[in-house]
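Each chain gets a letter, A, B and so on, in the order its sequence line appears, and its residues count up from 1.
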There are 2 protein chains.
Amino acid sequence: MSLSHILLGLLREPSTGYDLKAVLSDRIRHFWSAEISQIYPALKRLEQRRLLQSRVEPSPKGPNRKIYMLTEEGREELLDWLRGGPVIGTERFAYLAQVYFMDALGDFRETRAFMISVRDHFSRVLAHLQAIECEVTDTAGHMPECYSDADFHRFVTLRMGILSVKSKVVWCDETIESIDRRLAGGPLDNKPNISLAQPTHRQALEAREDCSG
Amino acid sequence: MSLSHILLGLLREPSTGYDLKAVLSDRIRHFWSAEISQIYPALKRLEQRRLLQSRVEPSPKGPNRKIYMLTEEGREELLDWLRGGPVIGTERFAYLAQVYFMDALGDFRETRAFMISVRDHFSRVLAHLQAIECEVTDTAGHMPECYSDADFHRFVTLRMGILSVKSKVVWCDETIESIDRRLAGGPLDNKPNISLAQPTHRQALEAREDCSG
DNA sequence: TAGGCCATGTAATGTGTTACATGATTAG
DNA sequence: CTAATCATGTAACACATTACATGGCCTA
């Protein structure tokens, strides 16, 4: 139920569904996303649960605006969520699944091209996040310790985005280099197919002491 | 549609729904997960689409086993997916959303405790992945360039898991240190609330040249 | 006048989780 | 005797994406 809570969090300042979508696309993008068509019914449900209330105002441009704001119950719900400890869900990376099975193509140059295009994507995302970081440190300084409470928390999530995307670019580089070493070694086919397929996590855990000890 | 494709990938070796679930929990966990109740209908749909076929065999233990295997069409579909370029979806991190709004609690010690518990989680995940890595390099050597094709691709996704989780631990440390510096500076309230809230991505992008140039 | 932005939504479909239902075998 | 593991599934619900529907205003 995280989208609901994100909407509650954003609605500490009254806003409309349309504007919330813009904020999500602008500043929340690196850790959450939602389509506008998902936001409208979510807001309606929150109002039915009395966590939000709304009023309608005419717009200078276009149709009437429906402005939502937090109720006291809404604020309580938000605080409960924040105090409830970290919500850590499963991460899903389809492109990793693709890599996992890509031996089926039987050609490392395909994997290489794939990795180049992944790297390309993430280095673009990285540049984007760093541009925002740069804009922030320019305005607010280089010591997040000194930011306002709100700015500090926002900045820290941006840092996470940067570190996490950086690690992906590093991974791409590492992998591409490894493929290149492999391709340079010439097409020596029929490498032995030991290990990796069989052992379970439990076995790996047991084997750990032999290894790092 | 990634779960279907993951099932196709795994079913290059015939298997049952039950066993596929075990593999998912064991070796795929760091980039995908699925409940068994999702797997059974997914397999059924794939069979209806003629990408899989099944036969039933008695089990030494418990009820009959339904063994699925890839059809030629299934293999085609798998290869198409692999050749279709990286599928990069939106990442969703509920705990980052929590941090983003945590200024609402008005107490950095709460954020600190939260971060400690996030760090704790990810350092456990990291230890787990490193144990597997260790088990692999022990068996198959330290040069992934020399692994079999299948092992190479599997190993590389494991590396991604390790790098990505590591970056999260680093982020936690960075953030906790920053909070500590802040708390050490004493409870100087009422910091100015400039920046960060207003500028859009587009503005940040425009501002970039001023900054990194 | 064509296309984009403002602003609201619904409907259909797809994906994922939780709970429920069944029943045999085996290890403690 | 009890609990776990083996092995299958269904049903209800929650969450997300895509497509569709409407219509005024503004800019090129």
Side-chain angles (χ1 to χ4, degrees), chain A residues 1-8 14-26 28-29 31-49 52 54-68 81 87-94 97 200 202, chain B residues 1-8 14-26 28-29 31-49 52 54-68 81 87-94 97 200 202:
Chain A
M1 299 232 91
S2 284
L3 176 61
S4 311
H5 290 108
I6 289 169
L7 294 174
L8 294 178
S15 183
T16 67
Y18 189 86
D19 289 342
L20 288 168
K21 168 60 182 163
V23 175
L24 259 114
S25 305
D26 248 25
I28 311 285
R29 230 231 278 20
F31 59 85
W32 206 273
S33 76
E35 297 304 317
I36 184 72
S37 58
Q38 194 189 354
I39 292 171
Y40 286 122
L43 290 170
K44 189 179 272 189
R45 278 195 304 274
L46 289 169
E47 188 171 28
Q48 279 160 5
R49 290 170 56 200
L52 294 180
S54 67
R55 67 192 143 88
V56 176
E57 271 186 16
S59 162
K61 273 182 166 201
N64 285 344
R65 296 159 57 81
K66 193 162 171 185
I67 297 161
Y68 286 94
W81 176 61
V87 176
I88 302 180
T90 331
E91 295 177 23
R92 288 191 169 84
F93 301 106
T200 65
R202 254 154 281 130
Chain B
M1 299 230 94
S2 285
L3 176 61
S4 311
H5 290 108
I6 289 169
L7 294 174
L8 294 178
S15 182
T16 67
Y18 190 85
D19 290 342
L20 288 169
K21 166 61 181 162
V23 175
L24 260 116
S25 306
D26 249 25
I28 311 285
R29 232 231 274 25
F31 59 84
W32 206 273
S33 77
E35 296 305 316
I36 184 72
S37 58
Q38 194 188 355
I39 292 171
Y40 285 121
L43 290 171
K44 187 178 274 188
R45 277 195 304 273
L46 288 169
E47 189 171 29
Q48 279 160 5
R49 289 171 55 199
L52 295 180
S54 67
R55 66 191 143 89
V56 175
E57 270 185 17
S59 162
K61 274 181 163 200
N64 285 344
R65 294 159 58 80
K66 193 162 172 184
I67 297 161
Y68 285 95
W81 176 61
V87 177
I88 302 180
T90 331
E91 297 178 21
R92 287 191 169 86
F93 302 106
T200 66
R202 254 152 282 131

query: Whole Å only: how far is the CG atom of B:Asn64 from the P atom of D:dG9?
result: 10 Å

d(OH, B:Tyr40; C1', D:dA11) in whole Å: 17 Å

- prompt: Quick one: B:Glu47 CD to D:dT8 C1', roughly how many Å, whole number?
  reply: 14 Å

- prompt: Per the side-chain hydrogen bond (donor to acceptor under 3.5 Å, both in side chains) rule, which among B:Lys44, B:Glu47, B:Lys66 passes with B:Ser54?
  reply: B:Glu47

message: Closest approach to the side chain of A:Asp19, judged atom by atom: which nucleotide of C:dT25, C:dT10, C:dA7 is it?
response: C:dA7

field: Contact under 4.0 Å: B:Lys66 side-chain N or O vs D:dG9 OP1/OP2
entry: yes

- prompt: Taking atom P of D:dT5 as reference, at what distance in whole Å does atom NZ of B:Lys61 sit?
  reply: 10 Å

- prompt: For C:dA7, does either OP1 or OP2 sit under 4.0 Å from a side-chain N or O belonging to A:Ser59?
  reply: yes

- line: Whole-Å distance, A:Arg65 CZ to C:dC5 P, equals 17 Å

query: Is the shortest side-chain N/O distance from A:Lys21 to OP1 or OP2 of C:dT8 below 4.0 Å?
result: no

query: Should A:Lys44 be listed as having a side-chain N or O under 4.0 Å from OP1 or OP2 of C:dT10?
result: yes

- prompt: If every non-hydrogen atom of B:Ala42 is compared with every non-hydrogen atom of B:Leu7, which pair is closest and at what distance?
  reply: CB-CD1, 3.8 Å

message: Rounded to whole Å, how long is the line connecting atom CD of B:Glu57 with atom P of D:dT8?
response: 11 Å

With a 3.5 Å cut-off and sequence neighbours excluded, list the donor-acceptor pairs that the side chains of residues 56-65 of chain A form with protein atoms.
{"unit_1": "A:Glu57", "atom_1": "OE2", "unit_2": "A:Arg55", "atom_2": "NH1", "d": "2.3"}
{"unit_1": "A:Ser59", "atom_1": "OG", "unit_2": "A:Lys61", "atom_2": "N", "d": "3.0"}
{"unit_1": "A:Ser59", "atom_1": "OG", "unit_2": "A:Lys61", "atom_2": "O", "d": "2.3"}
{"unit_1": "A:Arg65", "atom_1": "NH2", "unit_2": "A:Asp19", "atom_2": "OD2", "d": "2.9"}

field: B:Arg45 backbone acceptor or donor facing B:Arg49 side chain under 3.5 Å
entry: no

statement: Smallest heavy-atom separation, A:Leu3 atom then A:Ala34 atom, equals CD1-CB, 3.9 Å

message: Nearest heavy atom decides the nucleotide; on that basis, is B:Pro63 or B:Pro60 closer to the 5' end of DNA chain C?
response: B:Pro63

Check nucleotides 13-17 of chain C for protein N or O atoms closer than 3.5 Å to its own N or O atoms and list the pairs.
{"unit_1": "C:dT15", "atom_1": "OP1", "unit_2": "B:Met1", "atom_2": "N", "d": "3.1"}
{"unit_1": "C:dG16", "atom_1": "OP2", "unit_2": "B:Gln38", "atom_2": "NE2", "d": "2.7"}
{"unit_1": "C:dG16", "atom_1": "O5'", "unit_2": "B:Gln38", "atom_2": "NE2", "d": "3.4"}
{"unit_1": "C:dG16", "atom_1": "O3'", "unit_2": "A:Arg92", "atom_2": "NH2", "d": "3.3"}
{"unit_1": "C:dT17", "atom_1": "OP1", "unit_2": "A:Arg92", "atom_2": "NH2", "d": "3.2"}
{"unit_1": "C:dT17", "atom_1": "OP2", "unit_2": "A:Arg92", "atom_2": "NH2", "d": "3.4"}

- request: For residues B:Ser2 and B:Trp32, report the shortest heavy-atom separation together with the two atoms involved.
  value: CB-CH2, 3.4 Å

field: Short side-chain to backbone donor-acceptor contact, B:Lys21 and B:Thr16, under 3.5 Å
entry: no

statement: Between CD1 of B:Ile36 and C1' of D:dT10 the distance, given in whole Å, is 13 Å

- line: Whole-Å distance, A:Ile39 CD1 to D:dT17 P, equals 10 Å

